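See structure below.
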Amino acid sequence: MSEKSSSSGSDEDVDPESGQPVELGGVLSKWTNYIHGWQDRWVVLKNNTLSYYKSEDEREYGCRGSLCLSKAVITPHEFDECRFDISVNDSVWYLRAEDPDHRHQWIESIELHKAESGYGSETSLRRHGSMLSLTSAASALSATSTSSFKKGHRLREKLAEMETFRDILCRQVDTLQKYFDSCADAVSKDEFQRDRVEEDEDDFPTSTKSDGEYYHNNNGSKEKLFSPASPKGMNGIDFKGEAITFKATTAGILSTLSHCIELMVKREESWQKRVDKELEKRRRVEDAYKSAMHELKKKSHYGGPDYEEGPNSLINDEEFFDAVEAELDRQDKMEEQCQSEKVRIPRLTPVPPGDAYSTIGTHRFANKPHSHSSSLSSVELVSASDDIHRFSTQVEEMVQNHMTYSLQDVGGDANWQLVIEEGEMKVYRREVEENGIVLDPLKATHAVKGVTGHEVCHYFWDTAVRMDWETTIENFNIVETLSDNAVIVYQTHKRVWPASQRDVLYLSAIRKILPTNENDPDTWLVCNFSVDHDKAPPTNRCVRAKINVAIICQTLVSPPEGDKEISRENLICKITYVANVNPGGWAPASVLRAVAKREYPKFLKRFTSYVQEKTAGKTILF
């Protein structure tokens with residue numbers, strides 16, 4: 001994976017002219033989903049936004065997703081030195097850089113953009129201004145409106161009554177105050193007049209006053225001309241009426257206050273009930289949230305890289321097995337649907353000219369010179385001298401070993417365990433682990449009627465028909481053709497989540513084993529074993545598995561009755577299939593063994609059924 005950076009300003013992290021962080025762009029691996037895993041994407045960091053595109057060339061078509069970094073949380077992975085996660089609320093991006101240095105560069109740049117984003121920074125104050133909106137404050141206050149008192153009309157009415165009583169009381173107090181002031185003035189004036197009259201009588205006892213001051217009544221007595229001031233006459237104030245009104249007003253105030261207190265007590269009880277209900281509702285919501293988060297954490301591995309196969313995977317063995325089994329069931333269901341609809345996967349490799357056969361003796365291996373040997377321990381190959389390439393020595397060693405050891409009977413060997421027995425098919429396993437990785441050798445024997453060993457090996461080796469019967473392969477291609485009988489193949493297998501996707505690079509060779517005597521059956525062999533090639537190096541997107549697989553097919557012919565020609569009813573192909581696979585990775589041993597026990601018999605039955613279907617009604621090829 002390559003990565004490069006581009007900036008819109010200088011080579012520094014911050015543009016000296018604008019003071020803003022510079023743009024950063026490059027290739028990062030982004031976790032897409034559990035089916036496609038990590039995919040290379042062109043990622044751009046600009047203006048506090050992280051965006052990604054399928055590739056750099058597709059930027060003009062718009063980004064496929066973006067994150068605002070204002071409230072983003074950047075988390076470097078604890079174990080993976082190249083990985084870092086960016087989360088904003090519920091959205092999480094899982095990213096991997098090319099190496100730890102590039103990861104550090106990206107994290108620093110993202111943190112710098114985040115620091116210079118909209119909230120709390122100097123640039124944000126310059127950009128947005130520092131004044132708070134009074135309108136927003138007023139609107140916030142208006143949000144607490146009297147709508148919450150729609151059910152409290154009576155309390156508002158009583159408060160309005162209190163306002164009225166207050167106004168009346170204030171006027172009455174003013175009136176009474178004027179009355180009391182007038183009374184005080186009248187009393188003071190009356191006392192002053194009385195004092196003057198008494199002084200005059202003492203000084204002039206016989207003198208007569210003016211008619212305006214005294215008058216003589218019928219009995220000769222003298223009365224004062226100034227009568228006492230009348231309370232009702234002072235400014236026209238009715239003291240008694242005012243007193244009654246004042247008393248009624250104060251009584252009304254006290255009554256209204258009592259009513260208000262009563263209403264407020266009831267209102268307090270009502271609000272307390274509502275508060276209790278809200279608290280209970282909040283408690284239930286919090287419990288539901290905790291429960292949902294707990295379930296989400298349990299299911300978060302559906303799409304999260306932390307729960308896929310790896311040395312620090314958070315998924316346990318039981319969950320791993322359940323997920324693998326569910327994915328295999330889903331793939332089987334899809335395959336059954338394709339078969340029912342007679343849908344075939346398109347062939348990726350054309351049939352080589354001259355590779356097809358229809359009659360006896362037209363195949364490329366027919367009529368080739370060969371020699372005999374005294375025993376099968378020293379294997380002679382058809383056209384071995386013609387099949388020369390740089391891997392010839394390895395091929396001969398593999399063929400020799402398989403013919404020496406793979407055909408040995410395992411029935412009496414205690415190291416081999418019979419794990420499957422279905423009719424003629426038996427599957428054996430020998431448990432072997434190395435550094436915690438399951439390396440169990442598998443061996444299967446089977447007997448198929450109506451086909452020859454040559455036909456079985458041909459369909460097993462021929463890449464032109466590989467996708468017709470092999471349902472576990474996602475894609476494959478021939479890396480190099482070494483000879484007519486040997487090719488180097490690279491293939492990726494369908495991912496079975498949460499296991500990582502596997503790929504294999506192997507050499508595949510087909511051979512006819514020469515008989516040592518006339519009683520030896522016609523024997524063919526195909527061996528596939530891992531090799532290295534410059535055109536198909538390992539990648540971080542797949543775990544490279546190592547294989548050493550062989551299928552050995554022997555044709556047994558029962559003599560036909562009388563002078564009849566040999567037909568397919570007289571044929572039985574004895575198949576021995578051996579597989580030594582190092583899956584790599586970190587899948588649990590129990591899961592690998594369970595999957596092998598489940599898939600190998602299905603694979604063998606599927607393949608042999610395909611061969612029987614393809615050869616039915618055709619001329620026998622020995």
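Predicted model, so just to flag it, every value in this text is computed and none were measured.
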Hey, mind stepping through Glu480 and Arg390 against salt bridge (charged side-chain N to carboxylate O under 4.0 Å, His left out) and telling me if it holds?
-> CA-CA 12 Å; Glu480 182 180 354; Arg390 65 180 185 279; 2.7 Å; yes

Note, Leu571 side chain near Thr452 side chain (heavy atom, < 4.5 Å) = yes

Could you point out which residue of Arg593, Lys597, Arg430 forms a salt bridge (charged side-chain N to carboxylate O under 4.0 Å, His left out) with Asp440?
-> Arg593

So, Asp101 and His104: side-chain donor and acceptor under 3.5 Å apart, yes or no?
-> no

Check whether any side-chain heavy atom of Arg568 lies under 4.5 Å from a side-chain heavy atom of Ile620, and answer yes or no.
-> yes

Option passing side chain to side chain donor-acceptor pair (under 3.5 Å) with Gln39 (candidates Arg541, Lys54, Lys30) | Arg541

Taking all non-hydrogen atoms of both residues into account, name the closest pair between Gly584 and Ile437 and its distance.
-> N-CG2, 4.3 Å

Would you call Asp332-Arg598 a salt bridge at under 4.0 Å N-O?
-> yes

Aromatic rings Tyr428 and Trp416: how do their planes relate, parallel, tilted or perpendicular, breaks at 30° and 60°?
-> perpendicular

Plane angle bin for His454 and Trp524 - parallel if under 30°, tilted between 30 and 60°, otherwise perpendicular = parallel

Side-chain ion pair, Asp85 and Arg83, N-O less than 4.0 Å | yes

Please lay out, stage by stage, how Trp38 and Tyr94 fare under the test ring pair (Phe, Tyr, Trp, His ring centres under 6.0 Å).
-> CA-CA 9 Å; Trp38 297 96; Tyr94 306 100; 7.3 Å; no

Are side-chain heavy atoms of Val595 and Val324 found at a separation under 4.5 Å?
-> yes

Give a yes or no on whether a salt bridge exists between Asp468 and Arg606, defined as a side-chain N under 4.0 angstrom from a carboxylate O.
-> no

With a 4.5 Å limit on heavy-atom distance, are the side chains of Tyr506 and Gln491 in contact?
-> yes

Close side-chain approach of Val27 to Arg41, heavy-atom, < 4.5 Å = no

Just wondering, do Val73 and Val88 contact through their side chains at under 4.5 Å, heavy atoms?
-> no

Heavy-atom check, side chain of Ile478 versus side chain of Ile488, under 4.5 Å = no

How are the rings of Phe603 and Phe607 set to each other: parallel, tilted or perpendicular (split at 30° and 60°)?
-> parallel

Pair Glu474 + Arg502, salt bridge at N-O below 4.0 Å = no

May I ask you to say whether Lys546 pairs ionically with Asp532, meaning some side-chain N is under 4.0 Å from a carboxylate O?
-> yes

Are any of the side-chain nitrogens in Glu422 or Lys605 under 4.0 Å away from the carboxylate oxygens of its partner?
-> yes

Where do Cys553 and Cys457 come nearest, in terms of heavy atoms and distance?
-> SG-SG, 3.6 Å

Indicate yes or no: does Arg330 engage Glu325 in a salt bridge with an N to O separation below 4.0 Å.
-> no

